[in-house]
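Beneath this line is the structure, given in structure tokens, with notes to follow.
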Protein chains: 2
Amino acid sequence: MTARHEEIADELRRAIDREEYTVGSRLPSEAELAAHYGVSRGTVRQAVAALTAEGLIGSRQGARRVVLASRRSQSFAELRSFAQWARAMGREATGSVVAQGYQPARAEDAVRLHLPEGTPVLHVLRVRGLDGEPVLLERTVYADWISPAVEAIEPDCASVTQRLYDETGLVFAYGEHVIDAVAAGAQDAELLDIRRTSPLLRVRRVTTTREGRPVEWSDDRYRSDAVSFSVHNSIDNNALARKTAE
Amino acid sequence: MTARHEEIADELRRAIDREEYTVGSRLPSEAELAAHYGVSRGTVRQAVAALTAEGLIGSRQGARRVVLASRRSQSFAELRSFAQWARAMGREATGSVVAQGYQPARAEDAVRLHLPEGTPVLHVLRVRGLDGEPVLLERTVYADWISPAVEAIEPDCASVTQRLYDETGLVFAYGEHVIDAVAAGAQDAELLDIRRTSPLLRVRRVTTTREGRPVEWSDDRYRSDAVSFSVHNSIDNNALARKTAE
DNA sequence: TGACGCAACTTGTTCATACAAGTTCTCCGC
DNA sequence: GCGGAGAACTTGTATGAACAAGTTGCGTCA
């Protein structure tokens, strides 16, 4: 039972995807869409606002909306879960824990997870692969209150996110990602089966629950020949920010 | 003459920034905010929707909104213009053209800029620095209709974006950014004053006008010890997407 | 004391209306 | 044919109302 405006947004997304509206062409006016779907203009506006935020269409006062891109971006579900992402692409995700153990939270951990310094937190080092080939090294720190559930998961579980949801009902709802590049160290090189000093795409992220409570933070290193990230944005909607090294 | 809902969004952003609302705390209800600012609930909703999209606050039906982060993300103006970004941080941007010239559009250029293959397009190689130190190498291709204006700009102009706006009224309104990591090549290393094979953060981007017309596309390589990117997102709002190498 | 259920609260959805502000196109006059 | 004025169209902003759906906390009952 999704909301009407989401149904309409989905229909428009699909129409753009199958090039019913081609890149560069104009969308029908709000009034036309409202009449077509039998809803008020406000509901149509909610639908097109979603597509605008995704960068699929552009909007200017007075002019009809323009289609900017046709490739639909992934759902957040696919972003937050390696396994779901792989499945959506028709590839098989693998994963295995290389090392795991409790350590008292350092200042860094305490800040990111909103915990008192010294709280025992679970560190996990995981290698993840697509169709058998390793592409990602995850160094993750879990908050104390979720650590027991994580510890109980078998080392080669393909989808930790899914498992945590099934076991505890935990949903990852918000994330902040900081992206830069690093050279592969000795451990990185060995586990990812690449040469030392190869460039890696590093994503440091913090994930939180719907209530805003931090669950985990992670240093993810991707083989740059296998994975990249993309961001759509606009003059009103800027999820991406550039930062200098501190 | 900004809209009321934007004023309110700004006030809330500032309040969060100066920790009047701390991370993890709850925002007043829509009804309270509406009464406080003397506007309708709809207007308040527009304001908080903006903050939600930025990832500053989290929202769940039935519960009060929660502050997720305090650091405000940059404006799109700062993202699209290296010089404006530098100025906002109190640093000085420099820039110099290393090479420049017309070449017939390759298939790649034609697709990204929506031009016929073979159209003469302007290629520019620029080094950009912060406080004198080189941090970014830009290899940009400009669409034919803007190339003359770009060509007329002096080689050491600090803000090309600003200059193009002043001269032609051109506004960069939408962008798509694809981010990965690459090893510095010989030319990269020399111009950025780093060793060969050092990891670089590569951003390939296409920028378009408000009408949705592509203006330029660029391969930007950042010194990874100097610059990183960050993305806020949420279960409803996912600007960031992970992609495999094709 | 602990568990349950309900009431109060809060955000989500939708509608209808009105006006402001920007764009586009037509048509008229030169 | 060209340029400009203006009408028609389109999106942006704002209000007010009503109901749906989810959360929280209080209070009661066992």
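Letters A, B, ... mirror the listed sequences (proteins, then strands); counts begin at 1.
In this structure, CD of Glu211(A) is placed 12 Å from P of dG25(D), rounded to the nearest angstrom. What separates CG of Leu51(A) from C1' of dT11(D) is a distance of 15 Å, to the nearest Å. If you measure from atom CZ of Arg210(A) to atom P of dG22(D), you get 10 Å, rounded to the nearest angstrom.
With hydrogens and angles disregarded, a donor-acceptor distance shorter than 3.5 Å links the side chain of Asp109(A) to the backbone of Arg106(A). Counting only distance, with no hydrogens or angles, the side chain of Thr209(A) and the backbone of Arg213(A) share a donor-acceptor pair below 3.5 Å. The closest donor-acceptor contact from the side chain of Trp217(A) to the backbone of Thr207(A) lies at 3.5 Å or more, if one exists at all.
Sorted by first and then second residue, the side chain to side chain donor-acceptor pair (under 3.5 Å) pairs involving residues 112-124 of chain B (not counting sequence neighbours) are Glu108(B)-Arg112(B).
Within the 4.0 Å cut-off from OP1 or OP2 of dT13(D), not a single side-chain nitrogen or oxygen of Arg4(B) is found. The phosphate of dT24(D) (OP1 or OP2) has a side-chain N or O of Arg60(B) nearer than 4.0 angstrom.
For Glu11(B), the side chain to side chain donor-acceptor pair (under 3.5 Å) criterion is met by no residue, not counting sequence neighbours. Partners of Glu167(B) under the side chain to side chain donor-acceptor pair (under 3.5 Å) rule, at least two apart in sequence or in another chain, do not exist in this structure. With sequence neighbours excluded, the residues that form a side chain to side chain donor-acceptor pair (under 3.5 Å) with Glu138(B) are Arg126(B).
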Quick test: give all pairs of protein nitrogen or oxygen and nucleotides 15-17 of chain D nitrogen or oxygen below 3.5 Å, distance rounded to 0.1 Å.
residue: dT15(D); atom: OP2; partner: Ser40(B); partner atom: N; Å: 2.9
residue: dT15(D); atom: OP2; partner: Ser40(B); partner atom: OG; Å: 2.9
residue: dT15(D); atom: OP2; partner: Thr43(B); partner atom: OG1; Å: 2.5

Could you pull out the protein-nucleic contacts involving nucleotides 5-10 of chain D (nitrogen or oxygen on both sides, under 3.5 Å)?
residue: dT10(D); atom: OP1; partner: Arg64(A); partner atom: NH1; Å: 2.2

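Here dG12(D) is the nucleotide among dG12(D), dT13(C), dG25(D) with the atom lying nearest to any side-chain atom of Ser59(A).
Only one option out of Val150(A), Thr208(A), Leu170(A) pairs with Val215(A) in a side-chain contact (heavy atoms from CB on, under 4.5 Å); it is Leu170(A).
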